[in-house]
Colleague: 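Mind looking over this structure? Questions follow.
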Protein chains: 2
Amino acid sequence: MKWDALEEEPCSLARTVAVIGDRWSLLVLRECFLRTRRFDDFQASLGITRHLLADRLKKLVRFGVLRKIPYQEAPKRYEYILTQKGLDLYPIIMSIVHWGNVHMADSRGRPMLHEHKNCQKLFDPVMVCSECGEPLAAKAVHVHPGPGARPSSPVHAKAQEQAKGGRAGRR
Amino acid sequence: MKWDALEEEPCSLARTVAVIGDRWSLLVLRECFLRTRRFDDFQASLGITRHLLADRLKKLVRFGVLRKIPYQEAPKRYEYILTQKGLDLYPIIMSIVHWGNVHMADSRGRPMLHEHKNCQKLFDPVMVCSECGEPLAAKAVHVHPGPGARPSSPVHAKAQEQAKGGRAGRR
DNA sequence: CATTGACAGTTCTATAAAAGAACTTATGGT
DNA sequence: ACCATAAGTTCTTTTATAGAACTGTCAATG
């Protein structure tokens with residue numbers, strides 16, 4: 001499967017993975033949220049090759065997650081800053097960090113702590129239901145096809161056509 | 001940077017990316033949350049090559065996100081099911097799906113809708129502060145080094161050593 | 001009893017992506 | 001003139017992925 005094919009999938013997860021689902025994009029975005037804005041600063045703090053960094057920044061700009069803002073003429077230089085679309089990735093970043101805190105921390109404890117300016121306490125992110133405010137668990141959620149669904153498969157209809165038999169009604 | 005190096009980083013995001021930060025792992029996990037459990041079912045619904053699927057499942061088992069449960073002897077066959085560690089990835093999955101719903105949906109609308117069994121309403125996931133319950137925004141969060149932090153760099157100390165100058169106090 | 005099919009992989013080869021290092025371009029300072 | 005800064009680009013080598021075919025084990029079928 002090509003990256004481009006992922007964008008076309010009738011699945012919001014696949015489409016988002018097309019944007020952030022590679023080794024580096026999420027790390028680049030973490031740096032963005034830590035106020036890194038310039039090419040060499042990304043490069044130095046991530047250790048990413050310059051080639052790939054250029055490529056990833058271009059991709060994130062193309063998807064409207066980052067914007068290039070000129071900060072000097074002659075020679076023209078840009079800073080990469082998060083758009084609103086990019087800022088909206090914050091829950092993804094935070095939930096990833098939180099999972100790592102809980103399940104991947106070593107004996108020394110968490111690498112970082114987060115303080116909520118509103119209440120001035122150290123906190124963890126919690127995912128709740130927009131309607132009733134209760135914390136969400138996988139088992140309490142029921143999935144329905146929406147208007148953008150594809151009849152047969154949520155992901156890879158071509159693969160299901162090819163799969164002999166097709167096991168209808170599996171979900 | 002090798003995948004193994006990512007696991008060792010003093011950063012919860014990098015460590016989590018070592019587990020789920022590739023093209024396929026998140027899609028495999030989506031299938032897990034949609035109750036897919038068997039090799040050929042993953043293969044058919046994702047269109048992933050069998051080679052890579054075997055590799056990704058092995059990796060997810062190694063990290064304790066999935067468990068192999070035998071469902072028949074002779075020939076020995078296993079189902080892949082989520083462990084608690086795997087179930088805890090749900091907020092990540094949901095926040096990714098939600099971002100895709102908001103920012104990557106085409107004109108036809110969302111591919112999927114989510115119903116909360118507790119309140120029986122269609123909902124969106126919202127990330128809130130564990131302490132005060134308010135929705136979280138990037139700008140309202142302050143980051144502190146935690147006990148597991150590395151003095152100089154949160155990510156790639158080697159890269160910063162190499163970066164002549166080192167730009168102390170950048171964050 | 002030979003055949004077909006299900007299932008869970010493994011083994012190939014060809015192509016694409018990433019790592020690693022050096023090079024380019026434009027400019028400003030010493 | 002020489003060095004530094006910044007933001008890339010251009011190489012070569014190594015690694016990962018795509019795509020297809022193959023293997024092994026059993027169960028059901030003709």
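Lettering follows sequence order; numbering is per chain, from 1. Since the model is a prediction, treat every value here as computed from it, not as a measurement.
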Colleague: Determine, step by step, whether A:Thr36 and A:Asp41 satisfy the side chain to side chain donor-acceptor pair (under 3.5 Å) criterion, reporting the C-alpha distance in whole Å, the side-chain angles of both residues, the deciding distance to 0.1 Å, and the verdict.
Modeller: CA-CA 6 Å; A:Thr36 300; A:Asp41 290 340; over 6 Å; no
Colleague: Send over the distance from B:Gln43 CD to D:dA20 C1', rounded to a whole Å.
Modeller: 11 Å
Colleague: Nearest whole angstrom, please: distance from the C1' of D:dG8 to the NZ of A:Lys58.
Modeller: 8 Å
Colleague: Taking side-chain contact (heavy atoms from CB on, under 4.5 Å) as the test, write out the residues that go with A:His51, two or more places apart.
Modeller: A:Thr49
Colleague: In this structure, how many angstroms lie between the C1' atom of D:dT25 and the OH atom of B:Tyr71, rounded?
Modeller: 12 Å
Colleague: Between D:dC26, C:dA26, D:dG19, which one does the side chain of B:Pro75 approach most closely?
Modeller: D:dC26
Colleague: Assigning hydrophobic clusters by single linkage (Ile, Leu, Val, Met, Phe, Trp, Tyr; side-chain heavy-atom cutoff under 4.5 Å), is B:Tyr90 placed with B:Leu113?
Modeller: no
Colleague: Picking from D:dG19, C:dA8, D:dA7, which would you name as closest to the side chain of B:Thr49?
Modeller: D:dG19
Colleague: Whole Å only: how far is the CG atom of A:Asp41 from the P atom of D:dG8?
Modeller: 13 Å
Colleague: What is the distance from CZ of B:Phe39 to P of D:dT25, rounded to the nearest Å?
Modeller: 18 Å
Colleague: Which listed nucleotide (C:dA26, D:dA18, D:dG8) is nearest to the side chain of B:Leu52?
Modeller: D:dA18
Colleague: What I want to check is whether an N or O donor and acceptor connect the side chain of B:Arg77 with the base of C:dA8 at under 3.5 Å.
Modeller: no
Colleague: Side chains of A:Glu134 and B:His116: donor-acceptor distance under 3.5 Å anywhere?
Modeller: no
Colleague: Between the base of D:dA20 and the side chain of B:Arg50, is one N or O donor paired with an acceptor at under 3.5 angstrom?
Modeller: no
Colleague: Using a cut-off of strictly less than 4.0 Å, decide whether A:Arg56 has a side-chain nitrogen or oxygen near OP1 or OP2 of C:dA18.
Modeller: yes
Colleague: Closest-nucleotide mapping onto DNA chain D: is A:Ala54 or B:Asp22 further toward the 5' terminus? I mean the 5' end.
Modeller: A:Ala54
Colleague: Of A:Asp55 and B:Lys76, whose nearest nucleotide on DNA chain C comes first from the 5' end?
Modeller: B:Lys76
Colleague: Do B:Arg56 and B:Phe42 meet the cation-pi criteria used here (NZ or CZ under 6.0 Å from the six-membered ring centre, within 45° of the axis)?
Modeller: no
Colleague: When the distance from NE2 of B:His51 to C1' of C:dA14 is rounded to whole Å, what number comes out?
Modeller: 14 Å
Colleague: Separation of B:Lys68 atom NZ from C:dG9 atom P, in whole Å?
Modeller: 5 Å
Colleague: Rounded to the nearest Å, what distance is computed from the CG atom of residue A:Leu46 to the C1' atom of nucleotide D:dG8?
Modeller: 16 Å
